[in-house]
Amino acid sequence: MSDINTENVIWKDRKRIIFGLPWSFTRYRLEQDKFIIDKGFLSRTEDEIRLYRITDLTLKRALWERMFGLGTIHCCSGDKTSPEFDILHIKDVRRVKDMLSDMVEEERAKKRIGTRELLDNGEYDDSEEIHDEHSDGN
């Protein structure tokens with residue numbers, strides 16, 4: 001009996017190994033507002049990253065991954081326990097990356113979270129803030 005509510009699961013897969021076979025103990029699950037990495041067999045660890053905290057996605061495909069129709073998504077986030085993580089060796093990687101990217105943007109819009117990136121000197125870059133064109137300057 002599974003302890004996962006499958007109604008909330010939008011996508012799930014396993015990390016794949018040689019020949020693209022899903023014989024590993026790392027499972028990925030995408031829900032409406034979070035991404036979960038579940039690792040282990042006897043002793044399991046589940047890491048949850050809220051989608052609105054993901055700041056950047058990079059698609060990587062090594063030669064052997066391309067040969068077996070796989071790829072890896074590297075994610076940067078504002079999550080303290082997982083500032084960077086990889087979704088390793090998954091099938092249909094481009095579709096998953098696009099879906100994840102769209103869901104991250106939706107969650108950020110729902111929560112009204114803007115993108116503010118830190119510059120090297122620690123100051124905020126406000127260039128992405130939206131300014132009212134019709135304001136009188138005050």
Side-chain angles (χ1 to χ4, degrees):
M1 182 178 256
S2 177
D3 58 347
I4 299 168
N5 184 355
T6 57
E7 292 175 10
N8 297 331
V9 177
I10 294 168
W11 171 84
K12 66 179 181 177
D13 201 354
R14 287 181 176 257
K15 175 178 139 185
R16 294 172 184 269
I17 55 170
I18 193 160
F19 305 121
L21 299 172
W23 293 341
S24 78
F25 299 109
T26 301
R27 293 162 294 281
Y28 304 113
R29 192 169 74 243
L30 177 61
E31 296 183 5
Q32 191 63 40
D33 61 346
K34 59 189 167 188
F35 186 79
I36 297 161
I37 302 170
D38 185 3
K39 295 179 183 179
F41 177 65
L42 295 176
S43 177
R44 292 174 64 172
T45 302
E46 188 174 284
D47 191 11
E48 176 182 303
I49 299 97
R50 294 285 171 177
L51 293 182
Y52 72 88
R53 292 188 177 275
I54 295 175
T55 56
D56 189 45
L57 300 170
T58 304
L59 177 66
K60 297 179 179 183
R61 296 187 75 197
L63 176 62
W64 77 268
E65 285 178 311
R66 290 192 322 263
M67 288 171 50
F68 296 108
L70 305 176
T72 294
I73 302 171
H74 178 75
C75 303
C76 298
S77 77
D79 190 85
K80 291 187 183 204
T81 59
S82 300
E84 292 188 19
F85 60 94
D86 289 323
I87 307 169
L88 295 164
H89 319 312
I90 57 171
K91 288 178 105 178
D92 206 7
V93 68
R94 187 169 309 281
R95 182 185 67 83
V96 173
K97 180 192 162 285
D98 291 343
M99 179 174 50
L100 181 58
S101 180
D102 291 343
M103 290 178 69
V104 165
E105 289 304 315
E106 284 177 29
E107 277 300 300
R108 288 170 130 331
K110 273 188 215 172
K111 297 190 180 310
R112 297 180 181 204
I113 296 172
T115 315
R116 298 182 92 188
E117 298 177 356
L118 285 174
L119 298 173
D120 291 343
N121 62 2
E123 294 177 19
Y124 283 105
D125 177 11
D126 293 332
S127 62
E128 293 188 39
E129 287 186 12
I130 299 172
H131 298 285
D132 186 5
E133 293 176 9
H134 304 290
S135 67
D136 60 358
N138 292 331

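When the shell of 6.0 Å around NZ of Lys12 is examined, it contains 12 or fewer heavy atoms from other residues, nucleotides or ligands. Atom NZ of Lys34 has more than 12 heavy atoms from other residues, nucleotides or ligands within 6.0 Å.
Looking only at distances, a side-chain donor or acceptor of Tyr28 sits under 3.5 Å from a matching main-chain atom of Leu88. No donor-acceptor pair closer than 3.5 Å links the side chain of Ser82 to the backbone N or O of Ser77.
In this structure, Trp23 and Ile17 approach most closely via the heavy-atom pair O-CD1, 3.3 Å. Here the shortest heavy-atom pairing between Leu57 and Cys75 reads CD2-SG, 3.4 Å.
From Ile87, atom CD1 reaches atom CG of Asp13 across 10.0 Å, with rounding to the nearest 0.5 Å. Summarising the geometry, atom CZ belonging to Arg108 is positioned 9.5 Å from atom CD1 belonging to Ile54; distances are rounded to the nearest 0.5 Å. Arg29 contributes atom CZ, which lies 8.5 Å from atom CD of Glu48 (distance to the nearest 0.5 angstrom). Put simply, CG on Leu51 and CD on Gln32 are 8.0 Å apart, with the number rounded to the nearest 0.5 Å.
Applying the side-chain hydrogen bond (donor to acceptor under 3.5 Å, both in side chains) rule to Thr81 yields the partners Asp79; only residues at least two apart in sequence or on another chain are considered. Contacts of Asp33 classified as side-chain hydrogen bond (donor to acceptor under 3.5 Å, both in side chains), with partners at least two apart in sequence or in another chain: Arg50. Checked against side-chain contact (heavy atoms from CB on, under 4.5 Å), Lys111 has the following partners two or more places apart in sequence or in another chain: Tyr52, Glu107, Ile113.
Residues Val9 and Ile49 do not share a hydrophobic cluster, clusters being chains of Ile/Leu/Val/Met/Phe/Trp/Tyr side chains in contact below 4.5 Å.
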Return a table of donor-acceptor pairs under 3.5 angstrom between the side chains of residues 60-71 and protein atoms on other chains or two or more places apart.
| from | atom 1 | to | atom 2 | distance (Å) |
| --- | --- | --- | --- | --- |
| Arg61 | NE | Leu70 | O | 2.9 |
| Arg61 | NH2 | Leu70 | O | 3.2 |
| Glu65 | OE1 | Ala62 | N | 2.9 |
| Glu65 | OE2 | Thr72 | OG1 | 2.7 |
| Glu65 | OE2 | His89 | ND1 | 2.7 |
| Arg66 | NH1 | Arg61 | O | 3.2 |

Would you give me the side-chain donor-acceptor pairs under 3.5 Å for residues 92-103, sequence neighbours excluded?
| from | atom 1 | to | atom 2 | distance (Å) |
| --- | --- | --- | --- | --- |
| Asp92 | OD2 | Arg95 | NE | 2.6 |

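Residues Phe85 and Asp47 are not in side-chain contact: their nearest non-hydrogen atoms beyond the backbone lie 4.5 Å or more apart.
Electrostatic pairing of Arg44 and Glu46 does not count as a salt bridge here, judged by no charged N lying under 4.0 Å from a carboxylate O.
Annotation for Phe41: hydrophobic cluster partners, listed by chain and number, are Phe25, Leu42 (ILVMFWY side-chain heavy atoms under 4.5 Å, direct or chained).
Asp38 pairs in a salt bridge (charged side-chain N to carboxylate O under 4.0 Å, His left out) with only one of the listed residues (Arg27, Lys15, Arg14), which is Arg27.
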